[in-house]
Amino acid sequence: MIIFSILSPFIGILIVKGFKLGDVFADLGVYGDFLGGFTLAFLTIVTIAFVYKTFKLQKEQLKTQKEEMRMTRETLEEQNKTARMQRFENSFFIQLKDLKDRQKTDIHNEYRAKTNK
């Protein structure tokens, strides 16, 4: 495409004037109109194809992103359940330790009370 755009003025000169290079720029407008009309249709089709491809790509990315969000949500819910279970277990074992300590203290106090009499 780049090579064509560089060579197109020279090709136009040869098409319009042939190999007679007298007044070159007088009839070059006809070739410019032809080249512009031809490339406009081609570039429009290419642009529409790229816009369509971009739309499809964004649609796929959105679908992937939604799936990842769903999986992240499920993972966070599992982590939340695990954290709640760990908090419950921690509070349970803390209360159980307090109860054992209280029983030891009560037993110790009872023993002291019996030995002091």
For residues T44 and I48, determine if any side-chain heavy atom of one lies less than 4.5 Å from a side-chain heavy atom of the other.
yes

CG of L99 to NZ of K104, rounded to nearest 0.5 Å, is 11.5 Å

Start with the C-alpha distance between K97 and D101, add both sets of side-chain angles, then the distance that settles salt bridge (Lys or Arg N to Asp or Glu O under 4.0 Å), and finish with yes or no.
CA-CA 6 Å; K97 183 181 180 287; D101 289 345; 3.4 Å; yes

Measure the CG-OG1 distance between L40 and T47 for me, rounded to the nearest 0.5 Å.
9.0 Å

Give me the other members of the hydrophobic cluster that L96 sits in, counting Ile, Leu, Val, Met, Phe, Trp and Tyr linked by side-chain heavy atoms under 4.5 Å, directly or via other members.
F92, F93

Which pairs with one or both residues in residues 58-74 pass side-chain hydrogen bond (donor to acceptor under 3.5 Å, both in side chains), sequence neighbours excluded?
E67-R70, R70-E74

Check whether F50 and L43 end up in the same hydrophobic cluster, where Ile, Leu, Val, Met, Phe, Trp and Tyr are linked by side-chain heavy atoms less than 4.5 Å apart.
yes

Enter the distance from K81:NZ to R84:CZ here, rounded to the nearest 0.5 Å.
7.5 Å

What's the separation between atom CG in L76 and atom CE in M69, rounded to the nearest 0.5 Å?
10.0 Å

CG (N80) and OG1 (T75) are apart, to the nearest 0.5 Å, by 12.5 Å

